[in-house]
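Sequential numbering from 1 along the given sequence is applied to the chain's residues. The structure displayed is predicted, hence computed values, not measured ones.
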Amino acid sequence: MNTPFNILELGEADLRRIAPPVADINDAVLQLQIDDLITFVQQRGGMGIAATQVGINQRFFIMSSHPNERYPYAPEMLATCVINPEIVWHSSHTEKDWEGCLSVPGLRALVPRYQQIHVRYWLRDGTQVETAYEGFMARLFQHELDHLDGKVFVDRVESTLDMMTESSWRSMLAGKSKGRDNNGTAV
């Protein structure tokens, strides 16, 4: 099944819009958009996608974590629609880890994110969720929430030295698996 979405890329003005809250979770058009967005992220093998990345200017995103070649340590999470999300608490500790984005193809960067967060959001059936995420899931939530606020991961990079192309990043990962560090030095 093909979905009706195209990914907005860095440089397109609509990617930088701040999304207003979803007013009516039961709206039939919204529910269809959620179905289509879940299908879309699964077809693309993404970990998540924000509505704003495909031109839907509403405050929701899909989280769909699963281990893969890029993130072998990612936990399993069924595709979940997160509506009107907010972070209600975060740790003071941040940690850098590698991120990429469908809206910024070909680029990876070390991005500092809060290690632990407490969040509140609504599910598509109207259930309110209050939960905590840490590590990878906290990073994923913050990445997608940034999109709803008109931000992309490169906005959070502390130095251009923390950025590399996708192909260089993949080479670095292959080097690590062969006993090499980030600089390609044998360890």
Side-chain angles (χ1 to χ4, degrees), residues 1 3-10 12-66 71 74-95 97 99-104 111-156:
M1 172 182 168
T3 55
F5 300 124
N6 292 312
I7 298 279
L8 296 175
E9 291 188 1
L10 187 62
E12 294 183 67
D14 285 348
L15 189 62
R16 297 304 197 150
R17 290 195 311 189
I18 297 172
V22 170
D24 180 6
I25 291 174
N26 297 313
D27 178 72
V29 172
L30 173 71
Q31 291 293 324
L32 288 173
Q33 289 174 327
I34 291 169
D35 288 338
D36 287 344
L37 208 51
I38 287 172
T39 300
F40 185 75
V41 76
Q42 291 172 334
Q43 286 175 344
R44 297 294 297 260
M47 293 289 176
I49 192 156
T52 53
Q53 286 181 270
V54 295
I56 301 170
N57 194 29
Q58 290 200 70
R59 209 157 181 81
F60 72 93
F61 60 77
I62 308 300
M63 290 175 64
S64 181
S65 179
H66 53 278
Y71 304 106
E76 287 283 349
M77 177 186 194
L78 291 176
T80 302
C81 183
V82 174
I83 301 171
N84 295 336
E86 60 182 317
I87 296 174
V88 295
W89 175 88
H90 61 77
S91 60
S92 58
H93 177 71
T94 61
E95 186 174 281
D97 205 352
E99 291 184 25
C101 182
L102 295 172
S103 291
V104 189
V111 181
R113 300 274 186 195
Y114 297 116
Q115 184 62 21
Q116 298 174 316
I117 57 175
H118 293 186
V119 300
R120 179 182 307 126
Y121 59 88
W122 282 259
L123 298 174
R124 67 185 302 178
D125 67 1
T127 302
Q128 184 179 22
V129 175
E130 291 193 30
T131 191
Y133 293 120
E134 62 181 66
F136 183 84
M137 296 304 291
R139 176 170 298 281
L140 176 58
F141 191 97
Q142 290 169 84
H143 178 106
E144 299 306 335
L145 182 59
D146 271 357
H147 279 298
L148 302 182
D149 292 331
K151 297 178 180 155
V152 294
F153 75 99
V154 294
D155 297 333
R156 297 207 180 269

Residues which pass ring-ring contact (aromatic ring centres under 6.0 Å, His included) with Phe136, listed by chain and number, not counting sequence neighbours: Tyr71, Tyr73
What pairs with His118 under ring-ring contact (aromatic ring centres under 6.0 Å, His included), at least two apart in sequence or on another chain?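 So His118 forms a ring-ring contact (aromatic ring centres under 6.0 Å, His included) with Trp89.
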[X] vs [Y] side-chain heavy atoms within contact, under 4.5 Å:
X	Y	value
His66	Met47	yes
Ile7	Val54	yes
His90	Gln142	no

[X] versus [Y], closest heavy-atom pair with distance:
X	Y	result
Phe141	Pro85	CZ-CB, 3.6 Å
Leu148	Ala50	CD2-CB, 4.0 Å
Val119	Ile87	CG1-CG1, 4.1 Å

First locate atom [atom1] of [X], then atom [atom2] of [Y], and finally report the distance between them rounded to the nearest 0.5 Å.
X	Y	atom1	atom2	answer
His143	Ile49	NE2	CD1	9.5 Å
Asp35	Ile62	CG	CD1	9.0 Å
Thr131	Ile117	OG1	CD1	9.5 Å
Leu37	Phe61	CG	CZ	11.5 Å
Asn84	Gln128	CG	CD	10.5 Å

Can you name the residues that form a side-chain contact (heavy atoms from CB on, under 4.5 Å) with [X], not counting sequence neighbours?
X	value
Arg16	Leu10, Val152, Asp155
Glu134	Gln116
Ser92	none

Taking only residues two or more places apart in sequence, or in another chain, which ones meet Gln31 in a side-chain hydrogen bond (donor to acceptor under 3.5 Å, both in side chains)?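 Checked Gln31 against side-chain hydrogen bond (donor to acceptor under 3.5 Å, both in side chains); matches are Arg124.
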Contacts of Ser65 that satisfy side-chain hydrogen bond (donor to acceptor under 3.5 Å, both in side chains) - sequence neighbours left out: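 Once residues adjacent in sequence are excluded, Ser65 has no partner under the side-chain hydrogen bond (donor to acceptor under 3.5 Å, both in side chains) criterion.
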Got a sec, which pairs hit salt bridge (charged side-chain N to carboxylate O under 4.0 Å, His left out) with one end in residues 113-123, sequence neighbours left out? Glu86-Arg120, Glu99-Arg113, Arg113-Asp146, Arg120-Glu130
Just to verify, what does Asp149 make a salt bridge (Lys or Arg N to Asp or Glu O under 4.0 Å) with, not counting sequence neighbours? Arg59
With under 30° as parallel and over 60° as perpendicular, where do the rings of Phe40 and Phe5 fit, or are they tilted in between? perpendicular
Does the side-chain contact (heavy atoms from CB on, under 4.5 Å) test come out yes or no for Leu15 and His147, once each step is laid out? CA-CA 7 Å; Leu15 189 62; His147 279 298; 4.2 Å; yes
Does Tyr114, at its OH atom, have more than 12 non-hydrogen atoms belonging to other residues, nucleotides or ligands within less than 6.0 Å?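 Counting neighbours around OH of Tyr114, 12 or fewer heavy atoms of other residues, nucleotides or ligands fall under 6.0 Å, so no.
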Residues 74-82 side chain polar contacts: donor-acceptor under 3.5 Å, at least two apart:
{"from": "Thr80", "atom 1": "OG1", "to": "Leu78", "atom 2": "O", "distance (Å)": "2.8"}

Begin with the C-alpha distance, continue with both residues' side-chain angles, and end with the deciding distance and a verdict on side chain to side chain donor-acceptor pair (under 3.5 Å) for Gln53 and Ser103. CA-CA 7 Å; Gln53 286 181 270; Ser103 291; 3.0 Å; yes
Can you list, pair by pair, the side-chain donor-acceptor contacts under 3.5 Å of residues 17-30, counting residues two or more places apart and other chains?
{"from": "Asp24", "atom 1": "OD1", "to": "Asn26", "atom 2": "N", "distance (Å)": "3.0"}
{"from": "Asp27", "atom 1": "OD2", "to": "Val29", "atom 2": "N", "distance (Å)": "3.2"}
{"from": "Asp27", "atom 1": "OD2", "to": "Leu30", "atom 2": "N", "distance (Å)": "3.0"}

Would you please indicate if the ring centroids of Tyr121 and Phe60 are separated by under 6.0 Å?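 So the answer is no for these two rings.
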Between Arg139 (side chain) and Glu95 (backbone), is there a donor-acceptor pair under 3.5 Å?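 It does hold such a pair.
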